[in-house]
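Each remark here refers to the structure printed beneath this line.
We use all heavy atoms of the structure for the numbers below, so side chains are in, but hydrogens, waters and symmetry mates are not. Chain A is the first sequence line, chain B the second, and so forth, proteins listed ahead of strands; every chain is numbered from 1.
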Number of protein chains: 2
Amino acid sequence: MPETAAPRGERRADRNSATRYGNRPTMKDVAARAGVGLKTVSRVVNGEPGVTADTERRVQEAIEALGFRRNDSARVLRKGRTASIGLVLEDLADPFYGPLSRAVEEVARAHGALLINGSSAEDPDREQELVLALCARRVDGLVVIPAGDDHRYLEPELRAGVATVFVDRPAGQIDADVVLSDNFGGARDGVAHLIAHGHRRIGFIGDMPRIHTAAERLRGYHTAMTDAGIPVTNSWTSLGVTDPQRVRRAAEEMLSGPEPVTAIFAGNNRVTVTVVRVLAERSRPVALVGFDDFELADLLQPGVTVVAQDAAQLGRTAAERLFSQLDGTLVTPERTELPTRLITRGSGELAPAK
Amino acid sequence: MPETAAPRGERRADRNSATRYGNRPTMKDVAARAGVGLKTVSRVVNGEPGVTADTERRVQEAIEALGFRRNDSARVLRKGRTASIGLVLEDLADPFYGPLSRAVEEVARAHGALLINGSSAEDPDREQELVLALCARRVDGLVVIPAGDDHRYLEPELRAGVATVFVDRPAGQIDADVVLSDNFGGARDGVAHLIAHGHRRIGFIGDMPRIHTAAERLRGYHTAMTDAGIPVTNSWTSLGVTDPQRVRRAAEEMLSGPEPVTAIFAGNNRVTVTVVRVLAERSRPVALVGFDDFELADLLQPGVTVVAQDAAQLGRTAAERLFSQLDGTLVTPERTELPTRLITRGSGELAPAK
DNA sequence: TAGAGCCTGGACAACGTTGTCAGATCCGAG
DNA sequence: CTCGGATCTGACAACGTTGTCCAGGCTCTA
């Protein structure tokens, strides 16, 4: 039907202009060139049956010649599903989130979906901004590592059917699926490990307790101490922003008071590393167990004993639950808790110094 | 205009059904509820002028009540720009790419764009698949860390106006913008550093030379050796897949031959770490310089001397060039090369063992 | 008070695709 | 030779938004 193509042809007077910047060929163009109907092109592009080999060949040639690529935006609009999921995390540059993100991506890929991700930089407003932007893009689902503690802004989205899984920390004020590490148990076991090696004065340096993981780990510390009948002195714990300067000061204080600690439990990755630096500068050996594993921990002198959580497994589990929601397999929000693993490498097995 | 809303109202017999799973309210719904025209809602949502305060309030209330969120897919279709860019890299879990990705994200954010990313897993087919999927989504631009060496498949996309910047390695067979580290200069300087400390038998363990960065670093090694008048023996270089087993074997071989090397230049991150492990098992000190910095390199005994490249800067530069292309500021593809930095920490300053 | 000009709001088409449905074509069997 | 049915093809509407354009009401001035 050349008639169908005519108005289009008029608008784009010169055939070459179809390949000009920002003016991509559409199925209509392909159809005109191949001398077939619009829908036939759609059929070929989507591999639908009911097209003769000859017609298909003509269409393919036209696609090739014009450099046509289907516009998925239009497709999405029509079909309602975007085949993409969103991941909001704290900071992609953090070595903990890289593997997690990659794991989510792999699961998404297995389901034919792309991953859009964003870093909240631990800022609740930015988290909300990102999440809502992703919803506006109509991602099919969301994996969120929350920065804020109030997620009621998600309610309309949840009602509208956006599948959502929270990871690493639970959602605030709403009932949602969540995948966590056993922060409490891990910390408790780590501290108990130090106690088992003879320590009684054990320091704890962690994040602000308003962060769920930090609070849970602190609780684990207290539980282990209480279980062993050890009263905890206030000066042994330091909770707050975990920038190197503060952690350094905190470590130095608890190591030099009248009742210096003989062991330190570090509440996260960054803390552990800073503590390692502080300890490296001192002659008296101090035991150390850190939450979160990190690369090369085994190569340090001594190797650093850690409570490891499996970031990739966390991401994988979350993504799988997400797609279960999308399949309709899963309906009720659940709380999944993954175990942690104590990896002994030396630093946690040092005996208390006199 | 209740008349306008009527047909819609009929289709969704029950008002509640508008908030049912997968059936989101549209601007039409909002307009009906607020008793205004469709375009007025659009104006309010986009903050366009020409709406009285009272009308705006009514619309805002309807939006609130219905939990409306603009469908960006439709918007994209209409406007032609998606305000999103794609990033294709090798592996998000690799600590080198985390900061790079984050830097790209920050620049994108500053330009109001979201980042979609994908891991090619160093597989050219998967790279192409990802890139084309992103093009189908009509991302405004692409940042690609290429896995393959033939990117002619991108030609139709480039003609269609998809801004593209290659990072870390140049594009193959097409003329495109590219941002690189000075792999050649960095490796040359690193090896020269070893030579300056008295080494003559220096090993090189690197990736397959079909990877551009690997080839350049190898060239740097050869140049440094030649400049110093040192003939290179074949058994001193190992090129291939950089899995731990192979690297370990390679290192052990060059350390135990009749003419054992007294220093090793490691072609990348992973190689460096493996070599550190091998050297830690041996008593005789061997000097080591690695390409790429890594966390805790300073805490090892001895600290590891490295040729550092700034991954974040690489990402930032690439993203900025991308947006310059989109602004129209930039038209001619260019090759940008960022300097590397030698960081001395001890392992590269060891004198050759007898 | 009439006319000009501004401001607000809405009807309509278009973006590029897919689902529906009906028309056209071809084959073989009666 | 004709008819039924299977197969292939295309016209059309719809997805939810934004750009264009025009209508109607208002204010201001002469």
Side-chain angles (χ1 to χ4, degrees), chain A residues 1-5 7-8 11-12 18 22-32 34-59 63 66 68-83 135-138 160, chain B residues 1-5 7-8 11-12 18 22-32 34-59 63 66 68-83 135-138 160:
Chain A
M1 288 283 169
E3 283 75 21
T4 306
R8 187 69 173 215
R11 234 190 64 208
R12 297 186 175 165
N23 198 2
R24 305 196 61 137
T26 70
M27 284 194 178
K28 215 166 172 178
D29 297 317
V30 174
V36 302
L38 178 56
K39 179 65 209 205
T40 300
V41 177
S42 172
R43 271 192 271 262
V44 172
V45 169
N46 294 295
E48 288 171 27
V51 181
T52 49
D54 181 58
T55 308
E56 170 159 3
R57 191 186 42 71
R58 286 217 313 288
V59 172
I63 288 176
L66 295 175
F68 167 79
R69 182 151 338 269
R70 181 180 62 197
N71 184 334
D72 276 356
S73 294
R75 174 169 224 251
V76 157
L77 178 59
R78 189 63 233 255
K79 304 206 77 152
R81 282 258 167 137
T82 56
C135 288
R137 297 290 166 111
R138 294 293 188 270
Chain B
M1 287 284 171
E3 284 74 22
T4 307
R8 189 70 173 216
R11 235 190 64 209
R12 296 184 175 164
N23 197 3
R24 305 196 60 138
T26 71
M27 284 194 178
K28 216 167 172 176
D29 297 318
V30 174
V36 301
L38 178 56
K39 179 65 208 205
T40 300
V41 176
S42 172
R43 270 192 272 262
V44 171
V45 169
N46 294 296
E48 288 172 26
V51 181
T52 50
D54 182 59
T55 307
E56 171 160 3
R57 192 185 42 73
R58 285 215 315 287
V59 172
I63 288 176
L66 295 175
F68 167 81
R69 181 150 340 269
R70 182 179 62 197
N71 184 333
D72 276 356
S73 294
R75 175 169 222 251
V76 156
L77 177 59
R78 188 64 234 257
K79 305 205 76 151
R81 282 254 166 139
T82 55
C135 288
R137 297 290 166 110
R138 295 293 188 268

Starting at [atom1] of [X] and ending at [atom2] of [N], how long is that distance when rounded to a whole Å?
| X | N | atom1 | atom2 | result |
| --- | --- | --- | --- | --- |
| A:Lys39 | D:dA11 | NZ | P | 13 Å |
| A:Leu77 | C:dT17 | CG | P | 12 Å |
| B:Leu38 | D:dC15 | CG | C1' | 13 Å |
| B:Glu48 | D:dT18 | CD | P | 8 Å |
| B:Asp29 | D:dG16 | CG | P | 8 Å |
| B:Arg138 | C:dG16 | CZ | C1' | 9 Å |
| A:Met27 | C:dG19 | CE | P | 10 Å |
| B:Asp54 | C:dC7 | CG | P | 19 Å |

Name the nucleic acid region contacted by A:Gly50, choosing base, sugar-phosphate or nothing; use a 4.0 angstrom heavy-atom cut-off, strictly under. base

Answer with base, sugar-phosphate or nothing: what part of the nucleic acid does B:Val45 contact at a heavy-atom distance below 4.0 Å? nothing

Side-chain N or O of [X] closer than 4.0 Å to phosphate OP1/OP2 of [N]:
| X | N | value |
| --- | --- | --- |
| B:Ser42 | D:dT17 | no |
| A:Arg70 | C:dT18 | yes |
| B:Thr52 | C:dT8 | no |
| A:Lys79 | C:dG19 | yes |
| A:Asn46 | C:dT18 | yes |
| A:Thr55 | D:dT9 | yes |

Who pairs with B:Arg70 by salt bridge (Lys or Arg N to Asp or Glu O under 4.0 Å), at least two apart in sequence or on another chain? B:Asp72

Let's see if you can work this out: which of C:dT17, C:dG10, D:dT17 has an atom nearest to the side-chain heavy atoms of B:Thr26? D:dT17

Of the candidates C:dG9, D:dT9, D:dT18, the side chain of B:Arg78 sits closest to D:dT18

Just to verify, which of B:Glu56, B:Met27, B:Arg57 counts as forming a side-chain contact (heavy atoms from CB on, under 4.5 Å) with B:Val44? B:Glu56

Distance-only donor-acceptor test (3.5 Å): side chain A:Lys28, base C:dG16: no

Taking it one step at a time, do A:Thr26 and A:Asn71 satisfy side-chain contact (heavy atoms from CB on, under 4.5 Å)? CA-CA 8 Å; A:Thr26 70; A:Asn71 184 334; over 6 Å; no

Which is more 5' along DNA chain D, the nucleotide nearest B:Arg43 or the one nearest B:Arg75? Just name the residue. B:Arg75

Do B:Arg69 and A:Arg138 touch side chain to side chain, with heavy atoms closer than 4.5 Å? yes

Hey, mind stepping through A:Asn46 and A:Arg75 against side-chain contact (heavy atoms from CB on, under 4.5 Å) and telling me if it holds? CA-CA 11 Å; A:Asn46 294 295; A:Arg75 174 169 224 251; 3.2 Å; yes

